[in-house]
Amino acid sequence: MSITYLEAIREAQSKALADDPNVFIYGQDIGAFGGAFKATKGLYEKFPDRVRDAPISEDAMIGAAVGAAIEGMRPIIEMQFADFSSVAFNQIVNQAATHYWRTGIPCPITVRLPSGGTPGSGPFHSQCMETIYAHYPGTVVMTPATVEDAYSMLLDAVAIDDPVLFCEHKFLYYHLKADALPKRALPPGRARIARSGRHATVVTYSAMVHEALRAAESLQADGYEIEVVDLRCVKPLDMDTVLGSVARTGRVLALGEAFPWGGVTAEVISRVASEGFHLLDAAPARLNARDTPIPYHPDLWRFHRPTASSVESAIRNLIRD
Amino acid sequence: MSITYLEAIREAQSKALADDPNVFIYGQDIGAFGGAFKATKGLYEKFPDRVRDAPISEDAMIGAAVGAAIEGMRPIIEMQFADFSSVAFNQIVNQAATHYWRTGIPCPITVRLPSGGTPGSGPFHSQCMETIYAHYPGTVVMTPATVEDAYSMLLDAVAIDDPVLFCEHKFLYYHLKADALPKRALPPGRARIARSGRHATVVTYSAMVHEALRAAESLQADGYEIEVVDLRCVKPLDMDTVLGSVARTGRVLALGEAFPWGGVTAEVISRVASEGFHLLDAAPARLNARDTPIPYHPDLWRFHRPTASSVESAIRNLIRD
Amino acid sequence: MADLATQTVDSDLNLSHAFPEAFRWMVLARTFEDKIASIYRSGKIVGGVYVGRGQEAFSVALTSPLRPGHDVYSPLIRDMAGRAAFGEPLLEAARSYMGSALSASIGRDGNVHRGNPKEGIPTMISHLGAMISVVAGMLLARRLKGTLGDAVGATCIGDGATSTGAVHEALNMASVEKLPLILAIANNQFAYSTPTSSQFACADLVDRASAYGIEGISVDGTDLADCLRGFAEATRRARSGGGPQIVVGKLLRLAGHGEHDDATYVPETMRCSEIGQDCLLKARQHMLTEGWASEADCADIEKQATLAVEKAIATAGSEETPDPYAHDWNALSSEAFRNQEDAP
Amino acid sequence: MADLATQTVDSDLNLSHAFPEAFRWMVLARTFEDKIASIYRSGKIVGGVYVGRGQEAFSVALTSPLRPGHDVYSPLIRDMAGRAAFGEPLLEAARSYMGSALSASIGRDGNVHRGNPKEGIPTMISHLGAMISVVAGMLLARRLKGTLGDAVGATCIGDGATSTGAVHEALNMASVEKLPLILAIANNQFAYSTPTSSQFACADLVDRASAYGIEGISVDGTDLADCLRGFAEATRRARSGGGPQIVVGKLLRLAGHGEHDDATYVPETMRCSEIGQDCLLKARQHMLTEGWASEADCADIEKQATLAVEKAIATAGSEETPDPYAHDWNALSSEAFRNQEDAP
Ligand SMILES: Cc1ncc(C[n+]2csc(CCOP(=O)(O)OP(=O)(O)O)c2C)c(N)n1
Ligand SMILES: Cc1ncc(C[n+]2csc(CCOP(=O)(O)OP(=O)(O)O)c2C)c(N)n1
Ligand SMILES: [Mg+2]
Ligand SMILES: [Mg+2]
C-alpha cells in the first residue's frame with residue numbers, strides 16, 4: 001500500500017468524522033464534488049450532513065465555524081486556496097483567535113489552508129500565510145512536511161481546543177508518498193530532526209524540508225553532514241529542539257518559502273540569536289522566497305522560491321563563514 | 001506656536017490637498033464631522049469634493065482607492081482604527097500591493113492606520129498591524145514617532161508611487177507636541193538616531209521610541225549611555241543605520257508594541273544577527289507586547305505593552321550579559 | 001403599524017402582558033445607561049460608552065419573544081434593554097463598565113463587549129457585521145446535532161453596518177441554509193456622523209430582504225407596541241420554519257455616537273420630527289392610556305430601577321480590579337501550549 | 001426577451017449592425033479558447049485554463065455598447081469574447097497563456113490575469129468580487145477630475161461570486177455615489193461544482209437590484225439579440241445618469257470550471273434544457289435566418305478566426321519566455337526603495 005500526502009489528509013478527515021459526531025467539514029465544493037483538490041472525496045457519501053458545501057463567503061464560513069464551536073462542535077473549514085483566506089482574515093484573527101481569551105470558552109476550529117507554490121499557480125494560488133496567522137495571539141499554526149504528519153497532525157488539529165491553521169502544502173499533495181499511515185506521532189508543537197548532522201542546522205518546515213534534505217544529500221558528497229530540523233508547527237515553535245540542534249552544529253540556516261519580511265525565518269533566527277547566542281559559531285542565515293508576489297511562469301517561479309540548489313549555496317556560505 | 005502629532009497629520013493632509021488636485025481623502029466620518037479623531041477637521045470645508053465620507057465598507061474603500069490610483073489620483077484612505085483594516089486586508093495585500101508588479105502601473109495610495117494602544121481601548125481598537133502589511137511584497141510601512149515625522153512622512157507617503165501603510169499612533173495624537181512643522185526631513189526609509197549612546201542600542205519605532213527614551217534617561221543616572229534608533233519606516237528597514245549603531249554599542253534590544261510572534265523586532269534582530277553578527281558583544285534581545293489580545297483594563301494594558309520600566313529592565317539585562 | 005411584507009400580524013400577541021414587561025426593562029436600561037454616562041463624564045470610566053437612548057423599544061422588542069436558555073441572542077452596542085430582558089444580570093453589565101476583576105472577561109474587555117456563549121449569548125467583537133455569521137453557525141450546529149427544535153437566533157445591527165460585506169455573506173448563508181435567524185436592523189439615521197444618504201441608496205433597508213429571498217418587516221422604532229408586534233411575528237415565522245427574517249426599525253439615536261460625541265450633526269428638524277420621539281416617554285404614556293399602570297406605578301418602576309442600578313454599580317465599583325501579576329496571560333486554552341509563547 | 005425591470009427596451013439599437021459584429025467576436029473567442037484548451041490538454045500550458053464556452057453572447061454583449069479608450073471595462077475569467085470586442089489584441093491573450101516574455105505581465109501572471117489599466121482595463125486578481133470596487137474607484141476618480149463625461153464602467157461576475165462581501169460593498173458604494181457602473185452577472189448555474197441552490201436563496205439574482213435602489217435587467221444568456229438589447233439599455237441608462245445597473249444572464253457553463261474538470265455534476269436534463277443551448281450555434285442560425293450572412297459567409301468568418309488564432313499562437317509560442325536572471329525582481333516602483341528588500 002502507498003498513500004499520498006493528500007490521501008492522508010482525506011483519511012484523517014474521514015477518521016475525525018467517524019470518531020466524533022461533533023466534527024463537520026464546511027467549504028466550497030467539498031461535498032459531492034470532493035473538493036478542488038479532492039481532499040474530501042467520498043466523505044459526503046458517508047457523512048452527508050457533516051460535509052457541507054459553502055457559498056463563496058469565506059468571512060461567513062469562519063464566523064459560522066466559531067458559532068458552531070461555541071455550540072460544542074469541532075468544525076474543519078476548507079479554504080479552496082490559502083490565498084482566499086485573506087477575505088476571512090478578520091474572522092480568523094479577531095473572532096476565532098481571541099475567543100478563548102475574551103470568554104474563557106475555547107474555540108476548537110481547524111482551518112485547512114492549501115498553501116504554497118506549484119508551477120503555473122501564480123500570485124493568488126500559491127501563498128504561504130503562516131506568518132500572517134502566527135503573528136496574532138490565540139492561534140496554533142501547523143505546517144506538516146510529511147505524509148505521516150499530514151495525517152496525524154490534522155487529527156491533532158481537530159482535537160486541539162484552540163483555532164488551528166493547518167497549512168497543508170499543495171506541492172506535496174500528489175508527489176509525496178508513504179507506505180502506511182502512522183500509528184503514533186510526536187506531540188503537536190514538537191519539532192523533528194529530519195536528518196542528523198554536525199556541520200550546520202537547517203531549520204525549516206513544509207515543502208522546504210524536502211529541498212533542505214536534497215541539499216543536505218548533495219553536500220554529503222563533499223563530506224558535510226547537515227542536520228535538518230522540521231519544525232512541524234511554526235506556532236508554537238519548539239525552540240528546545242532547534243537550540244539542541246544548533247548546540248550540536250554551531251551554525252544555522254532558517255529556510256522558508258514565504259515572503260522574506262518578518263516570517264518564520266525571522267522568528268527562528270531572532271530566537272536562536274537571543275536564546276542561543278553562545279551556541280553560534282557563525283552568523284545565522286536566512287533563505288526565503290523573493291520579495292515580490294509569486295510569479296506565474298514556472299521558470300520565474302523556480303527562481304522565486306528557494307530550491308535545493310539555492311539552499312545548498314546558502315549552506316555552503318554558512319559553513320565557509 | 002505649538003502643534004500636536006494629530007494636528008501635524010491634519011496639516012500634512014491639508015497641504016497635500018492644496019498642492020495636488022489629484023489627492024483626495026476617503027474614509028468614514030471624515031467629511032463635515034472631521035473624523036473620529038478629528039484628523040481631517042476643517043478639510044471638508046476647504047475641499048468638499050475631495051474629502052469624502054465612505055460607507056462602512058473597508059474592502060470597497062481600498063478597492064476604490066486602487067481604481068482611483070489607476071486613473072492617476074493619489075487617494076488617502078483613513079481607517080477609523082487600524083484594527084478595522086483587517087476587513088480590507090485582501091484589497092491591501094493582494095490588489096494594491098501587487099498592482100505595480102502585475103501591471104507595471106504604480107499604485108500610489110496612502111492608507112492611514114490609527115494604531116496602537118491607549119488605556120481602555122481594548123482588543124479591537126488598539127492593534128499595531130505593521131507586521132501584517134510589511135510581510136507582503138509591494139508595501140511601504142511607515143511608523144512615525146514624532147510630530148515632525150507625522151507631518152513630513154505623511155507628505156512623503158502621498159508623494160510615493162507605491163502603497164504606503166501609514167501607522168500613526170493614537171497614544172501620540174494629543175500628547176506629543178512640537179514647536180513648529182519641519183521644513184526639511186530625512187528621506188523616507190531612513191532611520192534616525194533619536195539619542196546617542198555607547199553601551200547599548202535600542203531599535204524601535206512609533207510610540208515605543210518615547211518609552212525607550214525614558215528608559216535611557218533613567219539609565220543615564222547610573223552612567224549608562226543608551227543609543228535609541230527610531231526606525232521611522234519598518235519597511236523598508238534602514239539596516240545601515242541600525243548596524244552602524246550596533247557597531248558602536250555592541251549590544252541591541254529590538255523593542256515594539258506589536259504581538260511577539262514574528263514582528264518588526266524579529267526582522268530587526270534576525271537581520272542584525274545575520275548581517276552584523278561580529279558586531280555583537282552579547283545576545284541580542286527583544287521586547288514586545290505579551291502574546292494575548294490587548295486588554296481593556298488600563299492596569300492590564302500597562303502590563304501588556306512594554307513601558308519605560310520594562311524597557312529599562314530589558315536594557316539592564318542586556319548590559320549585564 | 002408594523003408593515004408586514006407578506007403576512008398579517010399575529011393577533012395572538014398579548015400586548016397587555018408583553019408591553020408592561022418590556023417597559024420595565026426599558027426603564028431599567030435607560031436608568032442604567034444614564035448612570036453609566038454620568039460616571040463616564042466624571043472621568044471614572046475609561047474607554048468608550050455607547051448607549052441605546054431612543055432605541056430601547058426596538059431593542060427590548062427583539063428579545064421579548066425569545067426564551068433565554070433556549071434561543072440564541074447576540075446583542076450589539078445599543079442593546080442594554082434587550083440584554084436585560086434576555087436575563088443578563090445588571091451586575092454583569094456594571095462589572096464590565098467598572099472594570100471589575102469579577103466581570104465575565106476579567107477586565108480583558110469592557111463596556112458592551114460582554115456575553116455568555118454557554119447560555120446562547122455570543123460575545124461581540126467590534127468589527128461591525130461580524131456576529132451574524134456566528135449566530136448562523138450556532139443555529140447550524142444545533143440543527144446538525146439535532147437539538148435545534150424551534151429555537152431561533154436573534155441579533156442586531158445598525159444602518160451603517162449594513163454596508164459591510166460581513167452582513168451580506170452571513171445573511172446569504174443563513175438564507176441558503178434556511179436558518180431561523182432574526183436580524184434586527186436599527187436604522188437610527190446615523191452611523192456615527194454619517195447620514196443614511198451616504199450609507200445606502202435603497203428606499204428602505206427592508207428592501208434588502210428580497211435580495212436573499214427572505215421576509216422583511218418594517219416597524220416604527222419609537223413605538224413599543226409596533227416593535228413588539230413586528231418581532232413577535234418575525235419570531236413566529238422563524239420558529240415555524242420560515243427561514244431568516246429581517247426587521248427594520250425607523251428611529252433616531254437620541255444620544256451621541258458615544259458619550260464623547262455631542263451629535264451636533266443631527267439636524268434640529270430631525271430631532272423634532274416623528275422619528276425623534278422618545279420611545280420611553282411614548283411607552284410610558286401608552287402604559288397610562290391603556291390603564292396598564294398608574295402614574296404611581298410608573299414612578300415605582302422608575303424608583304426600583306434606580307435602586308437596582310445604584311446597587312449594581314456600588315457592588316461592581318467596590319470589587320477588585322484585575323491584578324496584572326496574578327493574571328493568566330495565555331491566549332491559548334490547550335494545556336500543552338500554555339506559557340510557551342511568552343514575549344521574548 | 002430582455003425583461004426590463006422598469007423601462008422598455010431601447011428600440012434604437014441597430015441589431016443588424018451590432019449582431020453580426022458581435023457574432024464575429026464570439027467566433028473568434030470560441031476558436032481561440034478551443035485552441036488554448038487543446039494546447040492545455042497536450043500539456044503545453046501550465047496552470048489553469050478557464051473558458052467562456054456558452055457565455056460568449058453574454059460576454060460580448062456587455063462590451064458591444066462600450067467605447068474602448070472612453071469607457072472602463074474589467075473582464076473576468078469567462079470574458080474572452082468581451083475582451084476581444086473591446087479591442088484586446090489576440091496576440092496579448094496568446095502571450096498570456098503561452099507565458100511569453102512579451103506578455104503584459106512579463107510572465108508574472110498568466111491566462112486570464114491580463115489587462116491594460118492605462119486603457120481603462122484593470123487587471124483582475126483572483127479573489128472573486130474584488131474588481132467591482134476598483135471600477136467604482138476609476139469612475140469616482142474621473143468624476144472628481146471632471147473627466148467622466150458620459151463614460152461608464154462595466155464588469156462581470158458569476159453566480160457564485162455574488163456571495164462575496166466584496167460584491168455587496170462595491171455595489172452599495174457605487175449606488176451611494178450613483179456611479180455609471182454596469183455589473184453583468186453571468187448566472188451559469190454553477191460556481192465550480194456548486195449549484196445555485198447552495199449559493200443563494202432569492203428567486204432570481206436580479207432581485208439584488210432593489211437592495212441597492214438600482215435598476216436590474218434579466219436576459220436570456222443563450223440569445224445574443226436579447227443580450228445585446230439588455231446591455232444596450234443598461235448602458236444607455238448608466239450613461240444618462242441612471243446610476244449603477246445590473247444585468248443578469250441566465251445560461252449554462254458549457255465547459256468544466258476549468259479544462260481539468262469534466263463537470264459530470266451538471267445534470268443531463270439541464271444540459272438538454274433551453275438554458276443548455278449553445279449561444280454560438282443560436283447566433284449563427286440567427287445570422288442565417290435574418291439574412292445577415294450566408295453559410296459561406298459564416299464559414300469564412302470561422303476560417304478567418306482560425307487563421308488569426310493560429311497566427312497569434314504561433315507568434316506567442318515562438319517568443320522568448322521570461323529570463324529569471326534578467327528579470328526585475330522589484331515589487332516597489334519607487335526608485336528609492338528598489339533592490340532594498342532582497343531576500344536575505
Ligand atoms: C468594520 C468596522 N468599521 C468601522 C467601525 C467603527 N465604527 C464603530 S460603530 C460605527 C458606526 C456604526 O453605525 P451603525 O451601524 O448605524 O450603528 P449605530 O452606532 O448607529 O447604532 C463605526 C463606523 C467598526 N466598528 N467596524
Ligand atoms: C474569494 C474567493 N474564494 C474562492 C475562490 C475560488 N474560486 C475561483 S472561481 C470559483 C467559482 C466561481 O463561480 P462563479 O462566480 O459562478 O463564476 P463561474 O466560474 O461560474 O464563471 C471559486 C470558488 C476565489 N477565486 N475567490
Ligand atoms: Mg446607525
Ligand atoms: Mg457560475
Side-chain angles (χ1 to χ4, degrees), chain B residues 21-22 24 26 49-50 52-73 75 87 90-91 94-95 97-108 136-140 159-163 187-189 233 235-239 267 270-271 274-275, chain D residues 72 74 104-106 108-109 113-118 120-127 129-147 153 164-177 179 328-338 340-341 344:
Chain B
N22 283 317
F24 73 99
Y26 194 43
D49 275 1
R50 291 190 285 134
R52 304 183 76 80
D53 277 341
I56 307 179
S57 302
E58 285 80 3
D59 181 280
M61 282 159 57
I62 301 292
V66 173
I70 290 176
E71 292 290 313
M73 296 194 81
V87 190
N90 180 55
Q91 293 278 17
N94 286 319
Q95 184 90 261
T98 63
H99 196 266
Y100 167 69
W101 193 80
R102 290 182 294 123
T103 65
I105 313 284
C107 183
Y136 272 79
T139 58
V140 172
I160 285 172
D161 264 348
D162 294 296
C233 220
K235 187 181 183 193
L237 269 178
D238 177 2
M239 285 309 292
E267 183 65 18
S270 69
R271 292 240 208 150
S274 298
E275 301 165 28
Chain D
V72 169
S74 180
S105 82
I106 340 171
R108 291 170 176 183
D109 212 339
H113 295 261
R114 55 189 199 269
N116 190 345
K118 284 275 176 243
I121 312 173
T123 305
M124 66 172 274
I125 67 170
S126 297
H127 297 74
M131 299 313 294
I132 308 176
S133 56
V134 173
V135 173
M138 292 174 78
L139 298 172
L140 185 64
R142 291 181 183 196
R143 179 180 287 163
L144 290 177
K145 303 209 288 185
T147 60
T164 62
V167 168
H168 171 68
E169 292 196 1
L171 265 184
N172 183 61
M173 168 185 281
S175 56
V176 166
E177 293 280 357
L179 297 169
D328 179 12
W329 290 100
N330 276 292
L332 294 173
S333 74
S334 309
E335 265 318 315
F337 297 144
R338 293 165 72 85
Q340 287 221 2
E341 291 287 322

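Here is how names work: the chains are called A, B, and so on, in the same order as the sequence lines, proteins then strands, and each is numbered from 1. Predicted, not measured: the structure shown is a model, and the values here were computed from it.
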**Request:** With side-chain hydrogen bond (donor to acceptor under 3.5 Å, both in side chains) as the test, would you mind laying out the steps for Asp162(B) and Ser334(D) before giving the verdict?
**Result:** CA-CA 7 Å; Asp162(B) 294 296; Ser334(D) 309; 2.5 Å; yes
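- By number of non-hydrogen pairs under 4.5 angstrom with chain D, the leading residue of Met61(B), His99(B), Met239(B), Arg52(B) is Arg52(B).
- The SG atom of Cys107(B) sits 11.5 Å away from the CG atom of Leu332(D) when rounded to the nearest 0.5 Å.
- The backbone N or O of Ala141(D) sits nowhere less than 3.5 Å from a side-chain atom of Glu71(B) that would complete a donor-acceptor pair.
- Residue Pro188(B) touches chain D through both its backbone and its side chain, counting heavy-atom pairs closer than 4.5 Å.
- Contact annotation for Arg142(D): only side-chain heavy atoms (C-beta onward) come within less than 4.5 Å of a heavy atom of chain B.
- One finds the NZ atom of Lys145(D) at 10.5 Å from the CZ atom of Phe24(B) (value rounded to the nearest 0.5 Å).
- With a 4.5 angstrom heavy-atom cutoff, Thr139(B) touches chain D only via backbone atoms.
- One distance of note links CD1 of Ile56(B) with CE of Met173(D); it measures 12.0 Å at 0.5 Å rounding.
- Between chain B and the residues Ser105(D), Ala136(D), Ala130(D), the most heavy-atom pairs under 4.5 angstrom are made by Ala130(D).
- There is no contact between Asn116(D) and chain B, counting heavy-atom distances below 4.5 Å.
- Proximity to chain B involves both the backbone and the side chain of Ile125(D), based on heavy atoms less than 4.5 angstrom apart.
- The candidate from Asn90(B), Val66(B), Val87(B), Ile160(B) with the greatest count of non-hydrogen atom pairs under 4.5 Å with chain D is Asn90(B).
- Closest of all the heavy-atom pairs between Ala331(D) and Tyr100(B) is O-CD2, 3.5 Å.
- In this structure, chain D has heavy atoms under 4.5 Å from both the backbone and the side chain of Pro137(B).
- Between the CE atom in Met138(D) and the CE atom in Met73(B) there is a gap of 13.0 Å [rounded to 0.5 Å].
- Taking Ile62(B), Thr103(B), Thr98(B), Asp49(B) one by one and counting their heavy-atom pairs under 4.5 Å with chain D, the maximum is reached by Thr103(B).
- Side-chain N or O atoms of Arg102(B) include one that pairs as donor or acceptor with a backbone N or O of Thr123(D) at under 3.5 Å.
- The candidate with the highest count of non-hydrogen atom pairs below 4.5 Å against chain B, out of Val134(D), Asn172(D), Thr147(D), is Val134(D).
- To the nearest 0.5 Å, atom CH2 of residue Trp101(B) and atom CG of residue Asp109(D) are 7.5 Å apart.
- For the atom pair CE of Met124(D) and CD of Gln95(B), the computed distance is 10.0 Å after rounding to the nearest 0.5 Å.
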